[in-house]
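Single-structure report; data block below.
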Amino acid sequence: LMNDSEVTPFSVPGYACQRRCTLENHNAVLTDALSLLAENAELSDEDGRGVAFRRAAAVLKALPSAVTNMSQLTGLPCLGGHSLRVIKDILENGTSSEVESTKESERFKALKVLTGIFGVGSKTADRWIREGIHNLQQLRDSGQTLNRAQQAGLEHYDDIKQPVSLAEAEAIRGIVGRAVASVSPEAQIVLTGGFRRGKLTGHDVDFLITHPEEGSEVGLMPKLVSWLESRVSCHLQNVLLICDVIFLLMFALFCRFSLCCFIDKQTRRWRAVRVDLVVSPISQFAFALLGWTGSKLFERELRRWAGHEKGMSLSSHALYDNKQGRYIRASSEEEIFAHLGLEFIPPNERNA
Ligand code: 8DG
Ligand code: MN
Ligand code: MN
């Protein structure tokens, strides 16, 4: 063991969008623990606490080696008293009693199971728990009224919980890509989300679609969806069987759809996969690409940086300069980072 006097503290910048963070994590035990507490806070509608744990975890993810001694953390940003206590517990005892008891708590387990159903958020889950519903069987037996998304979510619970592989994501890109090409030959489709950051699995597949001519993207989404509904059904092709890219659950949120489709891998089994489709006009494409690549914390930190340090408002549509009272155009992610006065961070280093 080192003396405190021999320890060189780590040093990282205060905002996650100033840090390069690959998928290599030297502090996974600590960040898993903090992420679990973040998740518990988020599921309990304590977003402030959730963000605090997420920020603390992101700082540890960015460190070049494993933390072995508390004094290495001196001066690091975003590590509040609560997070430091958890880290100390784990360094000294191998586990954190708070994390362990959270993991084992009936309420946390029930919240996880119920919000794991597509279409169920923490408010609904909380109401069900107060009505004595803690698991899927109790939910089925309860006679609760479920909307279409939730019905499909319950029906395909095991599939949707199962991570999507990169191979599956690419297969789905092929299908959606063909559909896009059929309804609008010049339209472009890009894989965003975790897969663009280099992850090999994900909880869904995120696509961003645009058209090189401003305005030609209008109406693309409904055309795409009806093409998928009518043409993809029961289309057999080698190892890939696509049937009924579900009409089950398609809900529009502005121009955003989240739908679920069945694919067959080599197993010829069907499975449901969550797919997020976003259409963006070309003038907003760089902002949409940046906004949908993630990670969620990286995005949040970009917006915090823009607001607090630059007096600007960043969204996945635009960048607005609050002082000058005008929108700032950008046609690439690099330009947006430059406007924000940030060093460009490539997607595979945005894994905060
Ligand atoms: P995963 O699916 O591999 O598990 O992780 P991910 O790809 O990083 O997460 P995600 O939940 O699919 O989210 C990808 C990005 O999309 C994330 O940075 C935040 C962004 N995003 C949403 N929902 C919304 C939304 O409603 N509006 C906007 N503008 N962005 C959103 O997830
Ligand atoms: Mn995703
Ligand atoms: Mn998504």
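Numbering of ligands and ligand atoms starts at 1, following listing order. For the single chain, residues carry numbers from 1 onward in sequence order. None of these values were measured; they are calculated from a predicted model.
Inspection of the E131 and Q144 side chains reveals an N or O donor paired with an N or O acceptor under 3.5 Å.
Among the heteroatoms counted here (N, O or S) of D206, OD1 is the one nearest to the Mn ion (ligand 3). When you scan the N, O or S atoms of D276 for the one nearest the Mn ion (ligand 3), you land on OD2. Checked against the Mn ion (ligand 3), the N, O or S atom of D204 at the shortest distance is OD2.
For the atom pair OG1 (T145) and CD (Q151), the distance works out to 9.5 Å, reported to the nearest 0.5 Å. Atoms SG and CZ, on C21 and R350 in that order, are 12.5 Å from each other to the nearest 0.5 Å.
Taking every heavy atom of R197 and a limit of under 4.0 angstrom, the matching atoms of ligand 1 come to 8 (O). Of all atoms in ligand 1, numbered sequentially from 1 with element shown, those under 4.0 Å from a heavy atom of K199 are 1 (P), 3 (O), 4 (O), 5 (O). Close approach to G294 involves these atoms of ligand 1, each under 4.0 Å from a residue heavy atom: 18 (O). In the vicinity of G193, heavy-atom distances shorter than 4.0 Å reach the ligand 1 atoms 7 (O). If you number the atoms of ligand 1 from 1 as listed, the ones under 4.0 Å from a heavy atom of S316 come out as 29 (N). Taking every non-hydrogen atom of D204 and a distance limit under 4.0 Å, the qualifying atoms of ligand 1 come out as 2 (O), 12 (O). Ligand-side atoms of ligand 1 in range of G291: 18 (O), 20 (C), range being under 4.0 angstrom from any heavy atom.
Counting non-hydrogen atoms of neighbouring residues, nucleotides and ligands closer than 6.0 angstrom, the CZ atom of R196 exceeds 12 such neighbours.
Ionic pairing of R173 and E170 is not present here: no N-O contact between side-chain nitrogen and carboxylate oxygen is shorter than 4.0 angstrom. Ion pairing of D126 with R107 is present here, as a side-chain N (NZ or NE/NH1/NH2) and a carboxylate O approach within less than 4.0 Å.
The aromatic rings of F344 and F337 sit perpendicular, their planes meeting at an angle over 60°, well past the 30° parallel limit.
Transitive grouping of hydrophobic side chains (ILVMFWY, heavy atoms separated by less than 4.5 Å) keeps V29 and L23 in distinct clusters.
Residue contacts with ligand 1 do not include H317, since none of its heavy atoms lies under 4.0 Å from the ligand.
Annotation: T293 places no N or O atom under 3.5 Å from an N or O atom of ligand 1; distance criterion only. For ligand 1, one of its N or O atoms has an N or O atom of G194 under 3.5 Å away. The shortest N/O to N/O separation between H203 and ligand 1 falls below 3.5 Å.
When non-hydrogen atoms are compared, ligand 1 lies under 4.0 Å from the side chain of E299 (C-beta onward) but not from its backbone. Of all the heavy atoms of D206, the ones lying under 4.0 Å from any atom of ligand 1 belong exclusively to the side chain.
Here the closest non-hydrogen pair linking R49 and A41 is CB-CB, 3.9 Å.
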Legend entry - Derivation of the salt bridge (charged side-chain N to carboxylate O under 4.0 Å, His left out) call for K296 and E42: CA-CA 13 Å; K296 283 209 175 77; E42 288 156 2; over 6 Å; no
